[in-house]
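Predicted, not measured: the structure shown is a model, and the values here were computed from it.
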Amino acid sequence: MLDGDPHGETIVRTTRKAWRLDALVIVTSAVLSSSISAATPKAIPATIEAEAFDTGGEGVGYHDTTAQNLGGLYRTSEAVDVIASTDTLGGQYDVAYFEAGEWLAYTVGVASGGVYAVEVRATTSPSFANSGYHIEVDGNNVTGSIVLPSTGGWSSYQWLGKRNVTLTTGTHVLRVVSEHAYFAFNSLRLTTVVSTPYGGVAPALPGTIHASDYDLGGEGVAYHDTTAQNINGLYRPAEAVDISTSYDAAGALYDVTSFEAGEWLAYTVQIATAGSYDLDVRASTSPSFPNSTYHVEIDGTNATGPVALPNTGGWGVYQWLGRKTVSLSAGVHVLRIVSDVAYFKLTSIRVSTPVQTEPSAHQLFNSGFEGVITLVPPVDCWGTGCWQDITGLDSLTQFSWPISVGGRGGKFLMLTDPVATTAATIGNYVLNRVDTVSGHRGDQTRALYQLISQNANGTAPMGTSPEQNEFQLLPLTESGDLYISYWIKLQPDLVAKMNNLPAGPGVGGGGTWRAFFALKTGGQTSWGDPADNGDYRVEVYVMTYGGGQPYWTVLGDNNAGGGAPLVNNWSVENRTVPVPVGQWFKFEIFWHRSSGADGRVFMAVNGQMIADRSGANMGAWNMPINRIMAPMVYSGSTMPIYQWVDDLEVWDGFPPAGNNPPYAAH
């Protein structure tokens, strides 16, 4: 018998563990993912009987280490051990004999994302002091290990193990997973945890909120802080958020400081009228932490993606930074400021009505390479490279090649350095053509094919051979805003080409990058070509450094041919948005050139933002953009390297929604 078990179940401790779970309570703000069982989602907040686990059987609705229901009650054809419950406040049955590693699945529907408290109605025994479990949502452990105290015996039930969990709106699969035997489990309870506005009244927006006036409710509800105390002891000293005196003459009296990655602050707000609103923060940053980043969540949903903050010049210098436009419905919302990369000081959050700018963006070019599009044989060769023109009228868009942007057309630059080639031989190394292929819509279409088949080392890594194949836009004059998008399909063996490289000159870890977009600044030569003497560059890479899955890296530096010592102005690494190797994906880039805080560089893949850099993006000499490589083939990997490109568009601002989705929120 199990320590005075009133039910009298015999338990062989070497083969069975007898924990019984009576009820579980969940209060969360994250969304539960879809079940693979046939269960109807259980609407939460709610109390769910333990025996009401999903249908679908072993490995779907549950996992049990024995093949039969040892309790013999309720769902007798399934292996979960169900017994009669003695809980006067709970349901008719308990789940018992819960072995370590066994689990039960419950498909739930979350009508409103938020923070929920999760707990179980359970009974434990002093004989099993370390009984415990954890909760998974859509396969992710959201609670960590929960060790249960003794309730005093098997006939004494309590609500135990409460954890605050964030759930988003939608359908999800919740699992109760046994880690240590034994306890009896009667029910699950999921209840909403609600923070309340500081001062009792939700601030009306549009308006400005002081950062230190985050909600009431404590750790895990109104805020999350990785330390247990307010390290400066100011304003709200009993709570863990680190608050210091502000030196911002135009801001609040206090800053939230020492903002670690993963920490967050919640603000309950009132929106009077539904619409689009600009959201930015008044912050201070330091050159010592060049990549400080945050994002904003609205009602548990990430509404902005990562927002990188530029250097304000030091901790005592404050600016309004990171403006993003978000859609808000009328009513009460919970806004969260979440630190992604430390550190920055936060003094205020501002929500304002966007200023409408006119005129709207104009399309400067659009071509899917349809019709009689011709690649002219290479010309103007100089020994280790050639230029190549593309001409013709696109039969669908009625735009003509070559592109004219900033007063001059674009053309291909093909480099074979250090191999000397001619117009007749350069195709042995670098090649462009227009092919009929299966396009991103699944139909047959015309697309540009770009290839580097070999270099000075044959098909070995590039090493010290800077071989490139790039289509260059060559503006004579520069506008402040430009948007470019195109569909691109990278070769399916890209990752293999970038990993496990043989040793060689200049190889090392340098083969683990692939660039497909860049822009550079500079002047003009006396004979009319762009000069390689610039002071600013932006480049987009697929990286595999360290092996594993490819990821995005975007950088801004001064490597544009001007000869000054290298200065890395900023960089963004994104491992969240997938790199669709061997598949078509849409790439978007927008920039607003400025020497001030209103500068911006924005990039997205398949409608998901991969980088959004605010702040100055002019070089030390304020030179204009004279080369835009869109697209390019350039990599330190083994050869051959190639890609297909389709539906190239150029606008003088963000385009309106058109017939070439997806368009990333901006």
>> Does the plane of the ring in H666 sit parallel, tilted or perpendicular to the ring in F654? Use 30° and 60° as the thresholds.
In response: parallel
>> Once salt bridge (charged side-chain N to carboxylate O under 4.0 Å, His left out) is applied, do any residues pair with D557, and if so which ones, sequence neighbours excluded?
In response: R537
> For A261, what residues pass the side chain to side chain contact (heavy atoms under 4.5 Å, CB included) criterion, not counting sequence neighbours?
Replying inline: none
> Can you list every salt bridge (Lys or Arg N to Asp or Glu O under 4.0 Å) pair that touches residues 581-595, not counting sequence neighbours?
Replying inline: E478-R593
>> Pairing donors with acceptors under 3.5 angstrom, does anything connect the side chains of N617 and H592?
In response: no
> Hey, what's the ring geometry for Y634 with W513, parallel, tilted or perpendicular (30° and 60° as the breaks)?
Replying inline: perpendicular
> Taking atom types as modelled and ignoring hydrogens, do the side chains of N660 and W487 form a donor-acceptor contact shorter than 3.5 angstrom?
Replying inline: yes
> With a 3.5 Å cut-off and no angle check, do the side chains of N499 and T544 form a donor-acceptor pair?
Replying inline: yes
>> Which residues pass the salt bridge (charged side-chain N to carboxylate O under 4.0 Å, His left out) test with D532, not counting sequence neighbours?
In response: R627
> Which residues pass the salt bridge (charged side-chain N to carboxylate O under 4.0 Å, His left out) test with D646, sequence neighbours left out?
Replying inline: none
> Taking only residues two or more places apart in sequence or in another chain, which ones pass side-chain hydrogen bond (donor to acceptor under 3.5 Å, both in side chains) with D215?
Replying inline: S195, T268
> Residues in side chain to side chain contact (heavy atoms under 4.5 Å, CB included) with T208, at least two apart?
Replying inline: W320, S348, R350
Under 3.5 Å, which donor-acceptor pairs do the side chains of residues 287-294 form with other protein atoms, sequence neighbours left out?
{"unit_1": "T293", "atom_1": "OG1", "unit_2": "N291", "atom_2": "O", "d": "2.7"}
{"unit_1": "Y294", "atom_1": "OH", "unit_2": "G322", "atom_2": "O", "d": "3.2"}

> Sequence neighbours excluded, which residues qualify as side-chain hydrogen bond (donor to acceptor under 3.5 Å, both in side chains) partners of Y235?
Replying inline: D213
> Would a line drawn from the ring center of Y198 to the ring center of Y214 be shorter than 6.0 Å?
Replying inline: no
>> Run the side chain to side chain contact (heavy atoms under 4.5 Å, CB included) test against L415 and tell me which residues pass, sequence neighbours left out.
In response: W382, L413, Q468
>> Applying side chain to side chain contact (heavy atoms under 4.5 Å, CB included), can you list everything that pairs with D529, at least two apart in sequence or on another chain?
In response: W387, K411, T525, W527
Please output the side-chain donor-acceptor pairs of residues 363-370 that fall under 3.5 Å, not counting sequence neighbours, one pair per line with the distance.
{"unit_1": "Q363", "atom_1": "NE2", "unit_2": "E649", "atom_2": "OE1", "d": "3.2"}
{"unit_1": "S367", "atom_1": "OG", "unit_2": "F369", "atom_2": "N", "d": "3.1"}
{"unit_1": "S367", "atom_1": "OG", "unit_2": "D394", "atom_2": "OD2", "d": "2.7"}
{"unit_1": "S367", "atom_1": "OG", "unit_2": "W401", "atom_2": "NE1", "d": "2.9"}
{"unit_1": "E370", "atom_1": "OE2", "unit_2": "T445", "atom_2": "OG1", "d": "2.7"}
{"unit_1": "E370", "atom_1": "OE2", "unit_2": "R446", "atom_2": "N", "d": "3.0"}

